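Given the structure is predicted, the values throughout are model-derived calculations rather than measurements. Any value given below was found using the heavy atoms of this structure, including those in side chains, with hydrogens, waters and symmetry copies removed.
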There are 2 protein chains.
Amino acid sequence: MRLNIGGVMSVKHSTQHKILDAAQTLFAETGFTDTSLRQITSMAEVNLASVNYHFGSKKELIQAVLQRYLVVLMPRLDQEFTRLLAVQQPNSLSQVLSVFVKPLLELNKVHQNGARIFLQLLGRGYTDVQGHLRWFFNHHYGRVLDKLVLLVQQACPDLPPSELFWRLHFSLGTVVFTMASNEALAEIAEADFNEKVDIEGVILRLLPYLSAAIAAPVATVTQLSHTAPAMASEGR
Amino acid sequence: MRLNIGGVMSVKHSTQHKILDAAQTLFAETGFTDTSLRQITSMAEVNLASVNYHFGSKKELIQAVLQRYLVVLMPRLDQEFTRLLAVQQPNSLSQVLSVFVKPLLELNKVHQNGARIFLQLLGRGYTDVQGHLRWFFNHHYGRVLDKLVLLVQQACPDLPPSELFWRLHFSLGTVVFTMASNEALAEIAEADFNEKVDIEGVILRLLPYLSAAIAAPVATVTQLSHTAPAMASEGR
DNA sequence: TTTAAATTCAAACGTACATTTCAAACATGC
DNA sequence: GCATGTTTGAAATGTACGTTTGAATTTAAA
């Protein structure tokens with residue numbers, strides 16, 4: 001029989017567990033498409049067929065790897081969002097963004113380096129094609145993210161909804177890309193600035209950056225046309 | 001014989017040209033690894049073997065696709081950077097970032113939707129594994145980007161170099177991710193806000209966002225430890 | 001027109017992949 | 001200890017890939 005992903009197999013590292021551990025590492029490093037089941041089962045020291053036996057397919061394995069973190073993270077985030085929404089006066093933007101920090105870092109309890117690995121996987125999920133992952137995210141966790149939008153809206157009442165939409169996606173891009181190339185960046189940072197940077201360091205560097213970015217003054221039409229004059233686009 | 005990428009074959013669409021056009025579209029949509037030469041040659045309506053005949057390998061095709069834009073964009077950027085570096089008093093951050101707009105939009109002359117396609121390809125180049133592309137970028141255009149760093153440094157003299165390093169990469173992520181998912185975002189924006197958005201619109205929305213982000217106040221140690229208290233990380 | 005090079009073409013090659021198969025090993029409750 | 005259900009194992013299947021080949025065709029110079 002197969003499945004039973006959420007169940008408590010535990011005790012000694014089961015085959016499922018070994019597969020998940022190897023898969024997340026390789027997926028985070030190399031992306032989903034560029035990681036083969038043979039690499040995974042070889043690193044996990046299990047038989048090739050066991051992936052399809054336990055998870056059904058590679059696609060479902062990918063989702064299982066993400067689920068392990070999402071089922072921990074999203075309820076925590078939901079709880080934080082709900083708490084912030086309950087207070088009387090609106091929260092500041094940096095307050096809103098700060099609630100990500102603890103839940104994310106608690107992913108380190110799920111697995112060593114869990115926070116980094118999860119964010120890398122999230123990045124892969126958005127940049128690799130993997131259409132099923134986008135659907136997967138929205139279908140399961142769309143409600144939670146709606147609360148985030150509401151909170152940011154309250155924190156930045158002057159921001160038009162469409163501008164807020166774009167800026168939240170800009171911010172998602174910042175996080176996701178940073179995490180996808182995290183290893184390379186951390187290496188360079190260490191070599192060039194002699195600065196050891198862990199995932200917590202990166203997250204804390206992101207906060208002021210994103211706070212300022214999302215709350216930036218909206219460019220007026222005159223400013224825009226002055227900044228980038230002439231140049232008729234042929235595009236679209 | 002093969003190669004002669006920069007040459008003026010023109011007249012009627014040559015096989016090389018047709019391959020490049022099809023390849024850039026598919027690469028931008030699906031990424032490098034997930035696009036097969038068979039898809040490309042089928043869309044281009046040329047023989048499968050012609051890719052290897054004209055470009056040598058898939059890897060070299062990828063580089064050729066990018067080169068078509070880079071050879072136009074980078075000298076233009078270099079010229080703008082040099083101009084800004086020549087003026088007496090330092091430029092503001094938004095002045096520095098604004099110089100990207102025109103050179104980018106001029107890529108629409110290289111090919112229809114060239115600016116969007118190039119930025120999407122750039123994103124793929126950073127997020128897909130493709131180690132050779134990172135080397136390719138740095139080797140050919142590292143000098144130009146050094147000037148950008150210098151300009152931003154002058155515009156934000158209070159920013160420590162390591163902080164600047166991270167923020168520039170955050171910004172790269174913002175741009176690259178936005179462009180990679182540009183199509184999906186533009187669709188949503190149009191559906192939800194009845195707002196037609198082209199590549200120029202996105203770029204102009206990015207400017208104030210990035211300006212504010214890069215110039216954000218640097219979080220002090222006390223601020224950091226207050227924002228995210230306790231929670232000892234087990235990571236790394 | 002002849003000739004040689006450049007290009008196209010259909011076919012094949014070798015490799016790697018996800019997935020399936022089915023027998024063997026293992027565990028578990030009776 | 002036997003029988004039953006679960007998990008593993010080695011091997012094979014079929015598909016898709018990048019690349020190579022060599023003959024056919026087109027191009028362009030002599």
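- With sequence neighbours left out, Arg143(B) forms a salt bridge (charged side-chain N to carboxylate O under 4.0 Å, His left out) with no residue at all.
- The separation between Lys18(B) atom NZ and dT8(C) atom C1' is 11 Å, rounded to whole Å.
- Look at CG on Asp34(A): it is 14 Å from C1' on dG18(D), rounded to the nearest Å.
- Side-chain atoms of Asp198(B) come within 3.5 Å of backbone atoms of Gly201(B) as a donor-acceptor pair (strictly under, hydrogens ignored).
- Remark on the helix from dT1(C)-dA30(D) to dC30(C)-dG1(D): inter-end axis angle 0°, axes from five-pair C1' superpositions, rounded to 10°.
- Between the side chains of Tyr209(B) and Ser171(A), at least one donor-acceptor pair of N or O atoms lies under 3.5 Å.
- The aromatic rings of Tyr69(A) and Phe118(A) are tilted relative to each other, their planes meeting at an angle between 30° and 60°.
- In this structure, Leu26(A) atom CG and dC17(C) atom C1' are separated by 15 Å, rounded to whole Å.
- Rounding to whole angstrom units, CD of residue Glu60(B) and C1' of dT19(D) are separated by 12 Å.
- Judged by distance alone, the side chain of Glu29(A) and the main-chain N or O of Leu26(A) form no donor-acceptor pair under 3.5 Å.
- The two residues Ala213(A) and Arg167(A) have their closest heavy-atom pair at O-NH1, 3.8 Å.
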- Message: Counting primed atoms plus P, OP1 and OP2 as sugar-phosphate and everything else as base, spell out the protein contacts along nucleotides 24-29 of chain D at 4.0 Å heavy-atom distance: B, S or - for each nucleotide, 5' to 3'.
- Response: ------

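- Going from atom CD of Gln16(B) over to atom P of dT7(C) covers 8 Å, rounded to whole Å.
- Using modelled atom types, one side-chain atom of Lys58(A) and one backbone atom of Phe32(A) make a donor-acceptor pair closer than 3.5 Å.
- Contact annotation: His54(A) side-chain N/O to dT6(D) OP1/OP2 distance is not under 4.0 Å.
- Asp21(B) has a carboxylate O that lies under 4.0 Å from a charged side-chain N of Arg68(B), or vice versa, which qualifies the two as a salt bridge.
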Considering only distance and modelled atom types, tabulate donor-acceptor pairs under 3.5 Å from the side chains of residues 41-50 of chain B, sequence neighbours left out.
{"residue": "Thr41(B)", "atom": "OG1", "partner": "Leu37(B)", "partner atom": "O", "Å": "2.9"}
{"residue": "Thr41(B)", "atom": "OG1", "partner": "Arg38(B)", "partner atom": "O", "Å": "3.3"}
{"residue": "Asn47(B)", "atom": "OD1", "partner": "Ala49(B)", "partner atom": "N", "Å": "2.9"}
{"residue": "Ser50(B)", "atom": "OG", "partner": "Asn47(B)", "partner atom": "O", "Å": "2.4"}

Which pairs, protein N/O on one side and nucleotides 18-20 of chain C N/O on the other, fall under 3.5 Å?
{"residue": "dA18(C)", "atom": "OP1", "partner": "Leu37(A)", "partner atom": "N", "Å": "3.2"}
{"residue": "dA18(C)", "atom": "OP1", "partner": "Lys58(A)", "partner atom": "NZ", "Å": "3.0"}
{"residue": "dA18(C)", "atom": "OP2", "partner": "Leu37(A)", "partner atom": "N", "Å": "2.8"}
{"residue": "dA18(C)", "atom": "N7", "partner": "Arg38(A)", "partner atom": "NH1", "Å": "2.9"}
{"residue": "dA18(C)", "atom": "N6", "partner": "Arg38(A)", "partner atom": "NH2", "Å": "3.0"}
{"residue": "dT19(C)", "atom": "OP2", "partner": "Asn52(A)", "partner atom": "OD1", "Å": "3.3"}
{"residue": "dT19(C)", "atom": "OP2", "partner": "Lys58(A)", "partner atom": "N", "Å": "2.9"}

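- Taking side-chain N and O atoms only, Thr15(B) has no distance below 4.0 Å to OP1 or OP2 of dT7(C).
- Scanning both residues, Ala115(B) and Leu104(B), for their nearest heavy atoms gives CB-O, 3.2 Å.
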- Task: Report, as a single string ordered 5' to 3', how protein heavy atoms within less than 4.0 Å touch nucleotides 23-28 of chain C: B base, S sugar-phosphate only, - not at all.
- Result: ------

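- As a whole-Å value, the separation of Ile19(A) CD1 from dT7(D) C1' is 11 Å.
- Remark: of the listed residues Ile40(B), Val65(B), Leu66(B), Val65(B) is the sole one forming a side chain to side chain contact (heavy atoms under 4.5 Å, CB included) with Gln24(B).
- Ring planes of Phe165(A) and His169(A): tilted class, angle from 30 to 60°.
- A donor-acceptor contact closer than 3.5 angstrom links the side chains of Glu60(A) and Ser57(A).
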